[in-house]
Amino acid sequence: MPEILVIEDESVIRTALRRFLERNKFRVSEASSVSEAKDAFRLERFDLIITDLRLPGAPGTDIISRSEEHTSELQSPCNLVCRLLLEKK
């Protein structure tokens with residue numbers, strides 16, 4: 001079963017992603033920040049890492065370099081989830 005890491009600081013979004021992925025037969029681990037993900041998991045074990053861009057502490061893009069620290073080749077594809085905020089004028 002493919003294993004996915006979801007890094008998202010908003011628990012509602014993180015839970016929705018986890019539930020959706022689990023319903024589709026993926027094993028899901030969660031973290032609310034890059035540092036939590038780095039401390040709690042071996043990043044190279046994941047088949048896919050889905051992360052928000054704006055996270056407390058380090059931005060989601062830092063997970064790419066953190067993944068590379070653990071392996072000579074980036075073996076976990078990393079998707080960044082971006083949110084657009086539309087302002088009413």
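Below, each value reflects all heavy atoms present in this structure, side chains not excepted, and no hydrogens, waters or symmetry copies. The structure displayed is predicted, hence computed values, not measured ones.
Considering every non-hydrogen atom in both Pro56 and Ser33, the closest pair reads O-CB, 3.9 Å. Nearest heavy atoms, Ala37 versus Ile63: CB-CD1, 4.3 Å. Between Asp47 and Met1 the shortest heavy-atom distance is OD2-O, 4.5 Å.
The salt bridge (Lys or Arg N to Asp or Glu O under 4.0 Å) test applied to Arg18 returns Glu22, Glu30, not counting sequence neighbours. With sequence neighbours left out, Arg27 forms a salt bridge (Lys or Arg N to Asp or Glu O under 4.0 Å) with Glu3. Residues passing the side-chain hydrogen bond (donor to acceptor under 3.5 Å, both in side chains) test with Ser29, sequence neighbours excluded: Arg45.
Considering CD1 of Ile4 and CG of Leu17, their distance stands at 9.5 Å, rounded to 0.5 Å. For the atom pair CD1 (Ile7) and CG (Leu55), the distance works out to 7.0 Å, reported to the nearest 0.5 Å.
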side-chain contact (heavy atoms from CB on, under 4.5 Å) evaluation trace for Phe41 with Leu5: CA-CA 9 Å; Phe41 304 108; Leu5 174 60; 3.8 Å; yes
Steps toward side-chain contact (heavy atoms from CB on, under 4.5 Å) verdict (Ile50, Leu21): CA-CA 11 Å; Ile50 300 173; Leu21 293 166; 4.2 Å; yes
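With hydrogens and angles ignored, the 3.5 Å screen pairs a side-chain donor or acceptor of Glu8 with a backbone N or O of Glu10.
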